[in-house]
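Contents: one structure, followed by commentary.
Worth knowing before you read on, the calculation uses all heavy atoms, side chains too, and leaves out hydrogens, waters and symmetry mates.
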Amino acid sequence: MPVRSAHRLDVMLGLLYYTLELELGPLGASIERPEGFVVIEEVNGLPCTEFQGTSGGDRAVYLMVKRGVDHLTAVRAAESVLKRKVHVLGVKDASALTYQLVYVFGPPPTREVNLPRVSLRFIGMHQGRLEHTGNRFYVALHVTDVEELRRRASLLSSLGFVLNYFGYQRFGLRRPNNHLVGKAISQGDLKRAVDLIVGSPFPSEPLAARAFRSLYDKGDLRGALKAIPTRGYELERAVLSEYLKSGDPARALRASPVPPSFFVEAYQSYLFNLCLSRVAEQGLPGPDIRLKVPVRLNEAEGACRDVMREEGVTELASPDLGVRAREMIRQAVAPVRGLGVDEGGRLSFSLPRGSYATVVLREILRQDPLTFA
């Protein structure tokens, strides 16, 4: 029988079951971020740190290293120095030490860039597409019972895979409601989407964030705008500013620096998690099983049809915003390669592109996701 998670965040985001059908207590581990959570991108099956460019090609390839920086901030910082559009192979964790390849078309504008928390080093030219095949993770866990950690890792390694849930980062960790905004957009309730972006404080947020969100919920929109901190809340400031000017939630959402499609796709990811949980209730799916979350309810089948009906969504789109999701087809389970624990308690493993390290961690640690994600 599948073991159900008792953690509130798991339930909120549709990660209802564990892969290992064992009742395991919380391990009580902690991670010092960002340095304790290292991500190395794999390109053509090898770590990006081993990538070797050539003397010719159509694009200049850089190794980008970032420490505790979100994806958009790092890319914008790189573009400001390189004066070119920076292309990435994948999005990496914000609260981590990450290594990845990025590139610009044409010859390298410079060979090395060193910015606060972001660095780039030119490693050669390349012709054509680079294949992002996965990510390697090295997680330094502070835990009193290393042997129990090793035992759990061995059990999961023997199984060889995890349920391929979308992880917490997809929805927001301190403020896990990206999918709720997407649901409101898909249901045509654009005012509700604005309310969810600007208002609706979460207890896990900083006090300053809860303060301006509470003002918004009380109807003091101008007071809320004044109370938004000057850094870190560009989304809320842009949406609320436009809403105050026009009174039109559609225009407010179009003013968002985060495209509305992002939220709709987050909701689609939530639907996938629910579909996967529904399938897991009947037993672990095999490695060849894929689940489809279509754009329209009338195209859905099986568990996903039932989930979409229960959610009350008929189409993942918004004509008012010109947004329409694409059909999602995703493996039900993700292979976990090279899973092991060293003598100091450092956990290491590799996952395919698009799979989440925090899903592996929740499987082994069985503790509140806010303590490790």
Side-chain angles (χ1 to χ4, degrees), residues 1-39 68 93-97 135 137-177 179 202-206 269-270 273-274 276-278 280-281 283-284 333-334 336 338-351 355-373:
M1 290 292 292
V3 176
R4 189 177 177 100
S5 173
H7 297 295
R8 181 172 177 268
L9 189 58
D10 281 350
V11 175
M12 287 175 62
L13 302 179
L15 294 83
L16 302 185
Y17 296 103
Y18 292 109
T19 312
L20 290 173
E21 296 180 346
L22 297 169
E23 294 284 355
L24 301 171
L27 201 54
S30 62
I31 305 169
E32 287 186 13
R33 289 181 177 260
E35 277 74 13
F37 194 103
V38 178
V39 185
D93 296 72
S95 185
L97 172 58
N135 295 290
F137 300 91
Y138 301 90
V139 185
L141 294 168
H142 295 283
V143 59
T144 55
D145 195 341
V146 176
E147 285 308 311
E148 176 61 12
L149 172 65
R150 189 171 287 115
R151 184 183 79 87
R152 295 184 185 192
S154 177
L155 289 170
L156 189 58
S157 179
S158 296
L159 185 62
F161 63 84
V162 290
L163 292 167
N164 198 22
Y165 286 122
F166 283 92
Y168 312 102
Q169 302 96 312
R170 188 70 182 89
F171 310 100
L173 184 62
R174 306 297 169 188
R175 185 172 172 75
N177 76 342
H179 61 302
F202 279 76
S204 50
E205 292 187 277
S269 300
Y270 169 72
N273 281 357
L274 290 179
L276 181 54
S277 290
R278 189 69 57 90
E281 286 176 354
L284 289 177
V333 299
V336 183
L339 179 60
V341 182
D342 67 16
E343 292 183 359
R346 187 176 74 159
L347 190 70
S348 59
F349 55 93
S350 294
L351 291 172
S355 296
Y356 288 78
T358 48
V359 172
V360 174
L361 292 176
R362 76 182 280 272
E363 193 69 44
I364 293 172
L365 302 181
R366 301 289 176 100
Q367 61 194 54
D368 182 350
L370 289 173
T371 63
F372 64 81

Taking C-beta and beyond as the side chain, do [X] and [Y] meet within less than 4.5 Å on heavy atoms?
| X | Y | result |
| --- | --- | --- |
| H179 | L13 | yes |
| I364 | L347 | yes |
| P176 | L9 | yes |
| L284 | L163 | yes |
| P2 | Y18 | no |
| L141 | L365 | yes |
| V360 | L156 | yes |

Contacts under 3.5 angstrom, residues 20-36 side chains, donor-acceptor by atom type, not counting sequence neighbours:
residue : atom : partner : partner atom : Å
E32     : OE2  : H142    : NE2          : 3.4
R33     : NH1  : S95     : O            : 2.6
R33     : NH2  : F372    : O            : 2.9

Quick one: [atom1] on [X] to [atom2] on [Y], what's the gap to the nearest 0.5 Å?
| X | Y | atom1 | atom2 | result |
| --- | --- | --- | --- | --- |
| F166 | S355 | CZ | OG | 9.0 Å |
| Y17 | N273 | OH | CG | 13.0 Å |
| T358 | F37 | OG1 | CZ | 6.5 Å |
| R150 | E343 | CZ | CD | 7.5 Å |
| L351 | N135 | CG | CG | 7.5 Å |

For [X] and [Y], work out which heavy atoms get closest and say how close.
| X | Y | value |
| --- | --- | --- |
| A96 | V39 | CB-CG2, 4.4 Å |
| A373 | L173 | O-CD2, 3.2 Å |
| V359 | Y165 | CG2-O, 3.5 Å |
| Q367 | T371 | NE2-OG1, 2.8 Å |

Discussion item. Does anything in residues 356-371 form a salt bridge (charged side-chain N to carboxylate O under 4.0 Å, His left out)? List the pairs, not counting sequence neighbours.
Written reply: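 Matches after skipping sequence neighbours: D10-R362, E363-R366.
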Discussion item. Regarding E147 and R151, does a basic nitrogen lie under 4.0 Å from an acidic carboxylate oxygen?
Written reply: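 Salt bridge: no.
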Worksheet item: Do R174 and E205 meet the salt-bridge criterion of a basic N to acidic O distance under 4.0 Å?
Response: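 Between R174 and E205 there is no salt bridge, as every charged N stays at least 4.0 Å from the carboxylate O atoms.
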Fill in: Option passing ring-ring contact (aromatic ring centres under 6.0 Å, His included) with F349 (candidates Y138, F161, F137, Y356)
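The single option meeting the ring-ring contact (aromatic ring centres under 6.0 Å, His included) with F349 is F137.
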Worksheet item: With respect to L339, which candidate in S350, S158, S157 satisfies the side-chain contact (heavy atoms from CB on, under 4.5 Å) definition?
Response: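 Only one option passes, and that is S157.
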